[in-house]
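Accompanying notes for the structure given below.
Side-chain atoms are counted along with the backbone in the values below, which use heavy atoms only and exclude waters and symmetry mates. By convention in this document, chain letters (A, B, ...) are assigned in the order of the sequence lines, proteins followed by strands, and residues within each chain are numbered from 1.
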2 protein chains.
Amino acid sequence: MAKIHEVAKAAGVSISTVSYALSGKRSISPDTRRRIEEAARELDYRPNAGARMLAGRRTQIFALTEPFRADTHAPAHMAFVLATSIAARRFEYDILLLTEEEASAGMRRVASSGLADGVLVLDVAPDDERVDLARRIALPTVFIGVPDDHEGLVCVDLDFEAAAALAVDRLADLGHRSIGFVGHPPTAYEKSNFPPRVRRGLEARAAERGLDCTTVLPESDGPRRAPVRDAVRGLVEAGATALVLHCDDASHAVALDELATLGRRVPEEVSVVSVGATFDTAAFHPPIDSVPLVPSASCELAVELAMRMVDGGEVPAAVHLIAPEYRAHGSTAPPGGASD
Amino acid sequence: MAKIHEVAKAAGVSISTVSYALSGKRSISPDTRRRIEEAARELDYRPNAGARMLAGRRTQIFALTEPFRADTHAPAHMAFVLATSIAARRFEYDILLLTEEEASAGMRRVASSGLADGVLVLDVAPDDERVDLARRIALPTVFIGVPDDHEGLVCVDLDFEAAAALAVDRLADLGHRSIGFVGHPPTAYEKSNFPPRVRRGLEARAAERGLDCTTVLPESDGPRRAPVRDAVRGLVEAGATALVLHCDDASHAVALDELATLGRRVPEEVSVVSVGATFDTAAFHPPIDSVPLVPSASCELAVELAMRMVDGGEVPAAVHLIAPEYRAHGSTAPPGGASD
DNA sequence: GCCCGCAATCGAAGCGCTTCGACAACTCAC
DNA sequence: GTGAGTTGTCGAAGCGCTTCGATTGCGGGC
């Protein structure tokens, strides 16, 4: 492993010049810079991480805490982990993994040993124990998700209310007057933070736009996922011309399957929109319009805020909401028209 | 953040004494040690990570490279990541995440910047590009999985051949004479390393024990996963009294569903054993006997080997196979007996 | 009573980098 | 031509720890 000393010698300059040339923190003559960069490349030089941390008071590392609970949805979770890692690399930061019980103890450990410059909190629960911890440690911390008590915290999340409203607007604009909402199982509305936000946004905007809106929160298990099927059947038979889905991917598939079973074509007879999904709604048959929760968007914003905090910038201790985006895949159309 | 200096002052000793007391590398009088530990606790002291890396020539970090390909099975993958992290923490090591393209470039980066003491390689492909890289970098590297060309590498994996043989033995011991093997789709036998090993082990042991064995490698998709259903039906109708499954979890469920559809009770009429599964086979209906691939076993061994290499110990550059273990859940019984 | 060996402790030398302040060597306005 | 300002470079002082070698004090063998 080459050291800065060797690069300096190879380029015929002093150690500090190499450091400045490589960091760009002082101006260096083009010629000298070129020689240094060449020498560094030649020797495959990279600053020693430990030395850099010590001298530079920067670790270039973010800790990522993820308790990984039993009910964590692995594919979605992985997408967030991945997105965080990629976002961090853009700033030349690495991700240190803090899992399970270590998600809390690890935060303390990392904070007091100066192993990381900041903490990113994933898989946030409403009553997350990492909330108190985050207030106590002196490390920039960003929550990806919103705990119930988020006073004084920096959080990042999709604007779920606006997302639901966007779905409603789309349907209202198309002329739908009666829509059905298929949500998560009822328990999710106590255990999680965002399902109520979706519901609230949906019902509020539906009322504003004068839409008839019926909400069903079916259990997602049971034989053949009957509750979801029943919900779908009940809603369309009651006259809903559009369905808004905010549930897991299996329930999406079941809902579509039930519509097919009922002989209701999408979108000719029933429009379908998914809200807040982390999975690919275009992969369903038929592909489903979606106002998704995009992991990369959340994670990029989180990393960006964390970076700003590390750099001493001002970041409001608040929930930073991400504007929703409508992704059309052909599953919505004006109501009542079987016209092909 | 407290520094060693403050601990030393609080305990009334020198800095080096604190270091020795906390690391245990030299003998310290019980009384002094107690005072130091107390002071450290009081001040919530933890050695600064950067300083420790620099002075101690140890980062206490393992890099975990995981390309996370499109076809990666997220839940299984998460289980490995988690298991690695937990195993590493036992040795007071942290895990640094290297994802995607960074899985390779990151290895180089981490190696030449001294950010980690070793590398753990996950999600290994047969022709993995990290193989060459591992040979070039001067960092202890352990593969969790076996690439085709593993000459000179330290690899860890379940002994898939022995696992399959163990399943066969179980069935042979119970008196079965004709078994069916439902494997992964054919392409998996070119793209992955372990499916052929399972097949080889199974067929060889079946031959040794004089069992009739029929292998089917059904596609795992298609309408209603018909190929798997067809495979199961064909096998039992041809007289197989036991099924060995080595396929994804959805195919397991489908196979069981098909047996139920056919009216063949498990285990009274058909015995079923799963080989090499990373998911919970006891959660099926009925629960299925299994010779599983246990993430924690693989990851613990991998971390242990990596630790030994970091400590300068001798570790043979070879595939370290993990002995399989039979987990009975009541899905096997002697053949031909409907006796409940 | 002397010397040896051992246990317990300390001081100081780095580890490889960043960064501060200093200092030439220039440029340029007047 | 002089003084002020600018640009490019250097030396040296740490960053907070580990670890080596030295030192002190003590008990025991002879």
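- Residue B:Ser14 places at least one side-chain N or O closer than 4.0 Å to OP1 or OP2 of C:dC10.
- The distance from atom NZ of A:Lys25 to atom P of C:dG21 is 15 Å, rounded to the nearest whole Å.
- For the atom pair CG of B:Leu97 and OG of A:Ser85, the computed distance is 5.5 Å after rounding to the nearest 0.5 Å.
- By the 4.0 Å N-to-carboxylate-O rule, B:Asp132 lies close enough to B:Arg135 to be salt-bridged with it.
- Atom-to-atom, CD1 of A:Ile15 to C1' of C:dC15 comes out at 12 Å; the value is rounded to the nearest Å.
- Under 4.0 angstrom from either OP1 or OP2 of C:dC17 there lies no side-chain N or O belonging to A:Lys3.
- In this structure, A:Ser29 reaches the D:dT9 phosphate: one of its side-chain N or O atoms is under 4.0 Å from OP1 or OP2.
- Atom CZ in A:Arg33 sits roughly 14 Å away from atom P in D:dT7 (whole-Å rounding).
- For a distance-only test at 3.5 Å, the side chain of B:Arg26 qualifies as a donor-acceptor partner of the base of D:dG21.
- Residues B:Lys3 and B:Glu6 have side chains in contact (heavy-atom distance under 4.5 Å, counting atoms from C-beta outward).
- The residue among B:Tyr45 and B:Tyr20 whose nearest nucleotide of DNA chain D is located toward the 5' end is B:Tyr45.
- The distance from atom CD1 of B:Ile28 to atom P of D:dT24 is 18 Å, rounded to the nearest whole Å.
- Side-chain contact between A:Tyr93 and A:Val310: present, with at least one pair of heavy atoms (C-beta onward) separated by less than 4.5 Å.
- Between A:Val319 and A:Phe143, the closest side-chain pair of non-hydrogen atoms is not below 4.5 Å.
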| Can you list the steps and then say if B:Arg34 with B:Glu38 is a salt bridge (Lys or Arg N to Asp or Glu O under 4.0 Å)? | CA-CA 6 Å; B:Arg34 200 191 35 66; B:Glu38 210 158 279; 3.6 Å; yes
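- For B:Ser16, the side-chain atoms get nearest to C:dA12 when compared with the rest of C:dA12, C:dG16, D:dC10.
- Map B:Arg57 and A:Arg52 each onto its nearest nucleotide of DNA chain C; the residue landing nearer the 5' end is B:Arg57.
- Proximity of A:Thr32 to the phosphate of D:dT9: a side-chain N or O atom is located under 4.0 Å from OP1 or OP2.
- Across the protein-nucleic acid pair, B:Ile36 atom CD1 and C:dA8 atom P stand 12 Å apart, rounded to whole Å.
- End-to-end axis angle of the helix from C:dG1-D:dC30 to C:dC30-D:dG1, using five pairs per end and rounding to 10°, comes to 50°.
- Listed nucleotides: C:dC15, D:dT9, C:dC10. Nearest to the side chain of B:Ala55: C:dC15.
- The aromatic rings of A:Phe68 and A:His77 are tilted relative to each other, their planes meeting at an angle between 30° and 60°.
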Check nucleotides 4-7 of chain C for protein N or O atoms closer than 3.5 Å to its own N or O atoms and list the pairs.
none

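- Between A:Arg308 and A:Glu304 there is a salt bridge, since at least one side-chain N of the basic residue sits less than 4.0 Å from a carboxylate O of the acidic one.
- Rounded to whole Å, atom C1' of C:dG11 lies 14 Å from atom CD1 of B:Ile4.
- A:Pro147 places a side-chain heavy atom less than 4.5 Å from the side chain of A:Cys155.
- DNA chain C is contacted by both A:Ser23 and A:Gly50; A:Gly50 maps to the nucleotide lying nearer its 5′ end (nearest heavy atom per residue).
- Candidate nucleotides C:dC10, D:dC17, C:dG16 were compared by shortest atom distance to the side chain of B:Val13, and C:dC10 ranks first.
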| field | side-chain contact (heavy atoms from CB on, under 4.5 Å) evaluation trace for A:Val13 with A:Val18 | value | CA-CA 7 Å; A:Val13 295; A:Val18 173; 3.7 Å; yes
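- As rounded to whole Å, 9 Å separates atom C1' of C:dG16 from atom CG of A:Leu54.
- The side chain of B:Ser19 places no N or O atom within less than 4.0 Å of a non-bridging phosphate oxygen (OP1 or OP2) of D:dT19.
- Put simply, CG on A:Asp31 is 18 Å from P on D:dT7, counting in whole angstrom units.
- With contacts defined as side-chain heavy-atom distances shorter than 4.5 Å, the pair A:Asp94/A:Leu96 does not qualify.
- Dashed line: the shortest gap from a side-chain N or O of B:Thr17 to OP1 or OP2 of C:dC10 is under 4.0 Å.
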